[in-house]
Amino acid sequence: MAAEAYNPLGVEQPIYKRWEASGYFNPDKLPGKRTKAFSIAMPPPNVTGELHLGHAVGVSVQDILTRFHRMLGEKALWLPGTDHAGIATQIMVERLLQKEGISRHEIGRETFLKHVWTWKQKYGDRITDQIRSLGASCDWSREHFTMDPNLTAAVQKAFIQLFNEGLIYRGERLIHWCARCQTALSDLEVKHVQEAGHLYYITYGPFTVATTRPETKVGDTALAVHPNDQRYAKYVGEKVTFETESGKLTLPVIEDKLVDKEFGTGVVKVTPAHDPADWEMGERHHLEMKQVIGEDNRMTKLAGKYTGMLVTEARDKIVADLQAKNLLKKIEPHTANVPHCDRCNSVVQPLVSKQWFMTMKPLAKPAIAAVKSGKIQIIPKRFDKVYFHWMNNIRDWCISRQLWWGHQIPVWYCRNEAEKKCKPVASVTEPKKCATCKGVHFVQDQDTLDTWFSSGLWTFSTLGWPKATKDLETYHPTSVMETSWDILFFWVARMIMFSLKFRKQVPFKTVYIHGLVLDKNGKKMSKSKGTGIDPLPMAEKYGTDAIRLSLILGTTPGQDFRLSEEKIAGYRNFINKLWNIGNFVERQQKLSPPLGGGVSTEALREGGRGGRNTLADRWIQERTNWLIADITKNLKTNKLSEAGQALYDFVWHELADWYVEIQKIQPNTALLIDTYETVLKLLHPFAPFVTEALWEKRYGKMNKDMLMIQAWPKAKAQKNTATKEFTKLQNLVVAIRNVRATHKVAPHEKLTLNIAGAGTKTILALKPMIDVLARVEVMSGKSAGKPDGHEAGVNFWLELPKASQQHVKKEVASLQQYIQSLEHKLANEHFTKNAPAAVVEGERKKLAEAKAKLQQLTD
RNA sequence: GGGCGGUUAGCUCAGCUGGUUAGAGCGUUACAUUGACAUUGUAAAGGUCGGAGGUUCAAAUCCUCCACCGCCCACCA
């Protein structure tokens with residue numbers, strides 16, 4: 001009766017429910033005495049977000065580590081949560097309301113926020129349910145949301161402290177303004193996109209000025225040249241008056257090293273209110289600030305006849321006016337970096353605005369030291385450099401947003417502020433009395449904080465800070481922060497700065513950076529372009545375990561990788577292979593139960609069973625033991641791909657291909673079961689569902705002894721003696737199969753194999769195994785002519801239907817080449833003198849072996 | 001303008017603290033198929049590790065330069 005293939009559908013959900021119900025996701029409820037703590041703070045997905053492969057990679061990595069450390073007997077905590085995601089969420093709800101014809105300004109702040117909360121209640125669980133479906137073993141009893149009361153308290157506490165220390169200040173500065181979102185943005189929230197545009201050469205009296213943004217010319221308050229530019233030296237310090245599209249204008253000419261002599265004509269029009277470089281020059285030279293573009297993306301009153309026009313309209317109109325007055329010399333095609341809003345993708349305007357800023361330099365200093373000293377290790381290491389570069393060049397962070405969804409800034413203004421110059425006060429609740437004017441009426445700042453302010457506190461706010469909780473003491477600093485490189489600055493850097501500031505400790509010891517998942521064309525997956533793979537339908541089709549493996553195996557930290565459905569299908573096949581090994585094991589157990597009295601697995605490990613362990617038995621024991629050591633080492637050093645790969649190879653190409661086959665001839669059911677159970681344990685962190693399902697198949701559905709909490713196998717020191725012997729046997733079998741295939745002997749046809757040589761006795765002892773594995777009848781003694789091959793200390797001859805010796809010729813040729821290269825190497829004195837003795841010795845041995853082999857082949 | 005990554009079999013990628021005759025999966029080819037598994041098995045073909053120099057007894061691996069592709073940062077109007 002053919003066993004059915006593994007069908008993950010209907011298996012995974014009940015298993016997850018049992019895991020969750022068991023309470024073991026919560027480290028407080030884990031059995032046994034556990035002292036060492038292991039903790040991961042889950043990067044909180046956006047509360048309204050939907051699961052994509054980026055989440056899936058992160059969840060897989062974090063779950064593997066958490067499950068591994070849980071099985072190691074540690075207090076393993078993986079703390080989940082969601083982020084309110086200020087702009088992203090607000091945009092989403094705004095769009096939704098827009099469809100009903102409602103604008104947020106019509107309904108007002110309070111009502112709008114009610115809508116957002118309703119939305120949050122409705123969809124907030126969707127993302128966490130999706131994370132559950134990936135098998136995430138995180139402690140949902142500790143789940144948090146960045147706008148939970150206790151996290152809001154943390155935000156307020158942090159803000160007030162920074163404010164009182166003078167690290168947060170309010171000022172008028174040039175910021176990026178998104179007219180769509182109606183808010184200021186931080187530098188990081190702006191993405192520069194190369195766009196084809198034009199370079200306009202405009203006459204400014206004696207000069208010609210090249211600009212990409214003619215519409216800002218009505219905001220010009222100076223002209224600038226480079227200090228070394230001889231061409232214009234005579235004008236520096238002078239004022240020039242000239243004709244413009246809007247009449248006569250007089251501007252000072254300044255010199256500044258920011259000006260590039262080579263670009264355009266070497267003369268720059270300076271618009272301090274609408275360009276970062278010009279702003280800087282304006283500050284330096286105390287230039288007038290003329291704001292001609294407003295927050296509504298329209299020209300302001302200061303723009304004269306262009307007032308009220310959209311920026312793009314004004315541009316066209318000004319160009320036309322210039323042309324009419326013959327002030328436009330030429331227009332060249334030009335590509336420029338145009339700033340866009342990271343969230344809504346509309347073009348943002350640099351403009352001057354009154355915002356809250358955070359002084360970053362003092363916070364960056366210890367954050368740099370933490371990575372430099374190795375207190376925080378970034379994997380892969382190359383991101384250190386990127387991190388240092390950003391930290392060293394850090395600029396003040398614009399933290400206020402003109403949004404409604406978020407943490408309202410805890411700053412209060414006295415009503416007499418303007419009149420009596422009262423100072424703003426940072427406080428959670430309305431202050432009782434103004435220190436300056438003794439007034440009692442205050443207004444809270446209407447702005448909210450940048451989303452990343454609250455996420456920056458995430459590792460410790462979720463553990464109870466600012467309260468001194470037991471969790472904080474036990475689990476902070478966390479062990480690993482798992483994330484992708486695109487939020488290294490947004491989030492990781494800020495967490496480090498905040499944690500060092502408020503906790504005087506690093507937030508995590510290791511930063512594990514995974515790559516982005518690309519589509520099969522090597523592009524970032526995009527939902528709007530439809531190039532993404534949606535993990536959930538894929539998981540339904542191939543199983544969650546297959547998805548997890550395909551995201552971890554064969555990938556490298558920090559390296560983006562392509563994912564194709566074929567790859568997922570490949571790992572589905574592997575899972576099915578494991579499933580069928582399970583079928584086989586269960587069947588074997590029914591057919592031949594373990595030896596009477598039940599031999600303990602421990603005894604098996606010791607090579608017990610009264611010396612009845614065959615070579616294959618001893619081999620698989622050694623291999624399993626090696627595997628345990630290898631996987632453990634690699635998981636402890638976060639080398640997940642290597643660990644998973646080793647498991648894959650072992651399960652398929654050693655356990656299934658060899659040991660299971662041998663079981664059909666020489667069963668050792670107790671050892672088979674032992675090996676199988678070890679594999680289930682080792683594989684569990686990677687493929688939790690199928691392994692738990694197989695475990696249940698053996699032991700029934702129970703909470704207490706779930707695979708999830710089994711102790712991680714331990715390896716012991718060993719000599720790989722059986723492995724060496726068995727490898728010889730494998731080589732012989734492969735060599736025989738090879739000869740058979742070359743001569744196109746049908747796989748089922750049984751041939752006679754004659755052997756001769758030193759190893760004959762050993763091979764004859766293994767005769768039953770070889771007979772079956774190679775489909776031959778091993779006989780000793782008879783030898784005639786050149787052998788068909790040489791392996792395991794014997795020459796062998798296959799009695800072929802019609803023997804051809806071609807393959808021997810080929811082998812001889814390759815062997816001769818090999819010998820030549822070895823001889824060449826050994827003839828080199830530099831090598832024999834300088835290389836380690838063991839290496840030289842090894843090479844000599846190889847040469848001798850190869851020569852002996854050749855000798856036997858050509859006999 | 002600065003910086004990072006990639007370039008290894010037809011495709012997708014490992015390997016890179018220098019040391020067997022460079023690996024895997026998919027694909028291809030040949031053969032097989034009722035007893036765990038066709039989501040399978042056995043075997044084969046396929047690579048001068050992007051190019052050029054250099055260091056070394058020894059380089060896919062370390063150094064220098066170059067080319068192409070991708071990305072990040074940055075005030076070139």
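In the text below, chain A, chain B and the rest are named by the order of the sequence lines, each starting its count at 1.
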**Listed nucleotide nearest any side-chain atom of A:Asp275, set B:G5, B:U39, B:A77** = B:A77
**Message:** Under 3.5 Å, is there any donor-acceptor pair linking the side chain of A:Lys833 to the base of B:C57?
**Reply:** no
**Request:** Report the base-pairing partner of B:U12 (Watson-Crick or G-U wobble, both distances below 3.5 angstrom), or none.
**Result:** B:A24
**Prompt:** Which value, in whole Å, describes the distance between the P atoms of nucleotides B:A60 and B:A52?
**Reply:** 13 Å
**Watson-Crick or G-U counterpart of B:C31, or none if no pair lies under 3.5 Å** = B:G41
**Asked** Considering only the C1' atoms, how many Å lie between B:U64 and B:U28, rounded to the nearest integer?
**Response** 41 Å
**A:Arg395 side-chain proximity, nearest of B:U40, B:C75, B:G35** = B:C75
**Complete:** From the candidates B:A77, B:A43, B:C37, the one with an atom nearest any side-chain atom of A:Val268 is B:A77
**Request:** Tell me which nucleotide among B:A43, B:U39, B:G15 gets nearest to the side chain of A:Arg737.
**Result:** B:A43
**Prompt:** If you take atom types as modelled and just measure distance, does the side chain of A:Arg572 reach the base of B:U39 with a donor-acceptor pair under 3.5 Å?
**Reply:** yes
**Prompt:** Within the modelled atom types, does a donor on one side and an acceptor on the other bring the side chain of A:Gln663 and the base of B:A36 under 3.5 Å apart?
**Reply:** no
**Item:** Minimum-distance nucleotide to A:Thr556 side chain [options: B:G25, B:A36, B:G15]
**Value:** B:G15
**Prompt:** When rounded to the nearest Å, what value does the distance between C1' atoms of B:C26 and B:A14 take?
**Reply:** 14 Å
**Item:** Side chain of A:Ala336 (C-beta onward), nearest among B:C57, B:A77, B:G5
**Value:** B:A77
**Message:** For A:His285, I'd like to know if atom NE2 has over 12 heavy atoms of other residues, nucleotides or ligands within 6.0 Å.
**Reply:** yes
**Message:** Between B:C63 and B:G19, how far apart are the two P atoms, rounded to whole Å?
**Reply:** 15 Å
**Prompt:** Can you name the nearest heavy-atom pair linking A:Trp658 to A:His653, along with the distance?
**Reply:** CD1-O, 3.2 Å
**Request:** Determine which nucleotide pairs with B:C57, using a 3.5 Å limit on both distances of a Watson-Crick or G-U wobble pair.
**Result:** B:G19
**Fill in**
Which of B:C57, B:C75, B:A43 is nearest the side chain of A:Val734? It is B:A43
**Check: A:Phe263 ring centroid to A:His226 ring centroid under 6.0 Å** = no
**Asked** Which nucleotide sits closest to the side chain of A:Gln559: B:A36, B:U42, B:A14?
**Response** B:A14
**Message:** Tell me if the aromatic rings of A:Tyr542 and A:Tyr571 count as close, with their centers under 6.0 Å from one another.
**Reply:** no
**Asked** How far, in whole Å, is B:G15 from B:C68 if one measures between their P atoms?
**Response** 27 Å
**Distance between C1' atoms of B:U55 and B:G46 (Å, rounded)** = 33 Å
**Request:** Provide the Watson-Crick or G-U wobble partner of B:C49, both distances under 3.5 Å; none if there is no partner.
**Result:** none
**Prompt:** Which nucleotide in the set B:C75, B:C13, B:C76 lies at the smallest distance from any side-chain heavy atom of A:Glu280?
**Reply:** B:C75
**Complete:** Looking only at B:C37, B:U42, B:G25, the nucleotide nearest the A:His653 side chain is B:G25
**Request:** Take atom C1' in B:C13 and the same atom in B:G51, then report the distance between them in whole Å.
**Result:** 22 Å
**Prompt:** So, for A:Pro272 and A:Leu174, which heavy atoms are closest and what is the spacing to 0.1 Å?
**Reply:** O-CD1, 3.9 Å
